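Below: one structure, written as structure tokens.
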Amino acid sequence: LRQEIEKKLLRNEKGRPKGVSQLHNAINYLETNDLATAVADCDLSKVEVVYPLLVTVESIGDCLIISRILDSEFQKLEGANDKRKLSVRRLHCTGISTLDQIAGAFAHTEIPELIDEWDSRDPTLRDSWMPHFDFKRHRADTLRTKEAFHEVSEMMIKTLLLSDDPTRV
């Protein structure tokens with residue numbers, strides 16, 4: 001598991017940065033460049049806090065203690081970086097399937113607030129995001145978003161007169 005984490009999320013066999021190292025390098029890039037122009041068509045000059053969130057396509061992002069392992073590696077890269085202009089929070093990792101399940105909350109709650117909620121419920125970074133996601137609090141947002149997507153897809157099906165519509169007689 002350690003080798004797989006190293007190869008896929010830290011640096012590959014050739015020593016090229018992956019995941020954690022890429023996030024660290026991106027934060028360094030933002031700090032050493034004019035934030036107003038560092039990213040095309042996006043003024044980041046008002047950014048004060050960075051929440052490093054690594055999202056994996058594979059399920060490894062939802063494994064127990066993965067955030068803890070990766071944050072430990074991230075903190076080694078950060079070192080005693082007390083000269084940062086930006087406040088950099090702990091690194092969290094999640095799988096795309098988890099993000100898909102909680103994405104409805106993004107319409108009404110900012111991702112940093114959700115990460116802070118996760119952090120406060122799991123200060124040791126032992127678990128994945130799911131056990132700490134407050135579905136009761138965010139469920140209505142998730143359902144509203146799902147219903148909105150369903151309504152839009154229904155309109156598209158009717159507008160496009162799709163022949164493979166299973167409800168069409």
Side-chain angles (χ1 to χ4, degrees), residues 1-33 35 38-39 42 44 46-146 149:
L1 180 62
R2 185 75 184 166
Q3 289 174 338
E4 208 50 27
I5 290 169
E6 176 82 23
K7 184 174 74 173
K8 291 188 175 186
L9 302 173
L10 299 172
R11 56 197 112 349
N12 67 14
E13 300 88 2
K14 296 177 183 175
R16 300 186 82 166
K18 302 292 279 180
V20 174
S21 304
Q22 289 173 326
L23 282 171
H24 176 74
N25 292 346
I27 294 166
N28 286 341
Y29 176 82
L30 291 175
E31 289 234 312
T32 58
N33 289 279
L35 287 176
V39 178
C42 186
L44 301 175
K46 298 201 181 354
V47 171
E48 296 176 0
V49 181
V50 176
Y51 286 80
L53 176 63
L54 182 61
V55 180
T56 65
V57 175
E58 298 170 357
S59 61
I60 192 169
D62 290 319
C63 288
L64 295 175
I65 74 165
I66 190 70
S67 288
R68 187 173 182 164
I69 292 168
L70 297 180
D71 182 59
S72 175
E73 295 296 329
F74 183 76
Q75 296 307 325
K76 287 178 194 173
L77 293 171
E78 282 287 285
N81 205 339
D82 55 355
K83 295 180 180 161
R84 281 221 183 273
K85 296 178 264 181
L86 298 169
S87 172
V88 180
R89 300 294 167 104
R90 300 189 310 170
L91 181 140
H92 289 75
C93 183
T94 192
I96 192 70
S97 61
T98 295
L99 211 57
D100 185 47
Q101 291 179 53
I102 66 173
F106 301 166
H108 304 283
T109 307
E110 293 186 10
I111 294 174
E113 183 181 334
L114 295 171
I115 293 173
D116 282 340
E117 190 176 279
W118 177 11
D119 227 17
S120 69
R121 291 168 184 244
D122 184 22
T124 60
L125 292 177
R126 290 180 183 204
D127 301 325
S128 65
W129 201 342
M130 289 303 282
H132 302 288
F133 185 78
D134 188 346
F135 279 97
K136 188 174 182 180
R137 178 173 168 220
H138 300 294
R139 180 118 174 105
D141 297 339
T142 304
L143 290 175
R144 273 196 301 272
T145 302
K146 185 176 179 180
F149 278 121

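Note that the structure is predicted; figures quoted are calculated from it, not measured.
- Between Leu23 and Leu53 the shortest side-chain heavy-atom distance does not fall below 4.5 Å.
- Annotation for Asp127 and Asp122: closest pair N-OD2, 2.9 Å, computed over non-hydrogen atoms.
- Note that CZ of Arg68 is 5.5 Å distant from OG1 of Thr124, once rounded to the nearest 0.5 Å.
- Looking at heavy atoms from C-beta onward, Lys8 lies out of side-chain contact with Lys18 at the 4.5 angstrom threshold.
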I would like to know whether Ile66 and Thr56 meet side-chain contact (heavy atoms from CB on, under 4.5 Å); could you show each step before the answer?
CA-CA 11 Å; Ile66 190 70; Thr56 65; over 6 Å; no
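- Between Leu54 and Gly19, the shortest heavy-atom distance links the atoms CD1-CA, 3.7 Å.
- Heavy-atom contacts from other residues, nucleotides or ligands closer than 6.0 Å to CD of Glu58 number 12 or fewer.
- To the nearest 0.5 Å, atom CD1 of residue Ile96 and atom OG of residue Ser59 are 13.0 Å apart.
- Under 3.5 Å, the side chains of His132 and Glu117 contain no donor-acceptor pair of N or O atoms.
- Closest of all the heavy-atom pairs between Val88 and Pro52 is CG1-CG, 3.9 Å.
- Among the candidates Arg89, Arg90, Arg121, the single residue satisfying the salt bridge (charged side-chain N to carboxylate O under 4.0 Å, His left out) test with Asp116 is Arg89.
- No donor-acceptor pair closer than 3.5 Å links the side chain of Thr94 to the backbone N or O of Val55.
- Taking both residues in full, the closest heavy atoms of Gly95 and Asp62 are given as N-OD1, 3.0 Å, listed atom of the first, atom of the second, then distance.
- Side chains of Tyr51 and Leu114 form no contact here, defined as non-hydrogen atoms less than 4.5 Å apart.
- Of all the heavy atoms in Ile5 and Leu70, the pair that sits closest is CG2-CD2, 3.7 Å.
- Side-chain contact between Val20 and His24 is absent, with no heavy atoms from C-beta onward closer than 4.5 Å.
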Pair Cys63-Ile60, side-chain contact (heavy atoms from CB on, under 4.5 Å): steps then yes or no:
CA-CA 5 Å; Cys63 288; Ile60 192 169; 4.2 Å; yes
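- Looking at every heavy atom in both residues, Trp118 comes nearest to Cys93 through CH2-O, 3.3 Å.
- The CD atom of Glu73 sits 6.5 Å away from the CZ atom of Arg11 when rounded to the nearest 0.5 Å.
- In this structure, CZ in Arg126 is found 10.5 Å from CG in Leu64, a value given to the nearest 0.5 Å.
- Distance check: Lys46 NZ to Glu48 CD gives 10.0 Å after rounding to the nearest 0.5 Å.
- Lys85 places a side-chain N or O within donor-acceptor distance of the main-chain N or O of Glu31, the cut-off being under 3.5 Å.
- Separating the CG atom in Leu86 from the CG atom in Asn28 is a distance of 10.0 Å, to the nearest 0.5 Å.
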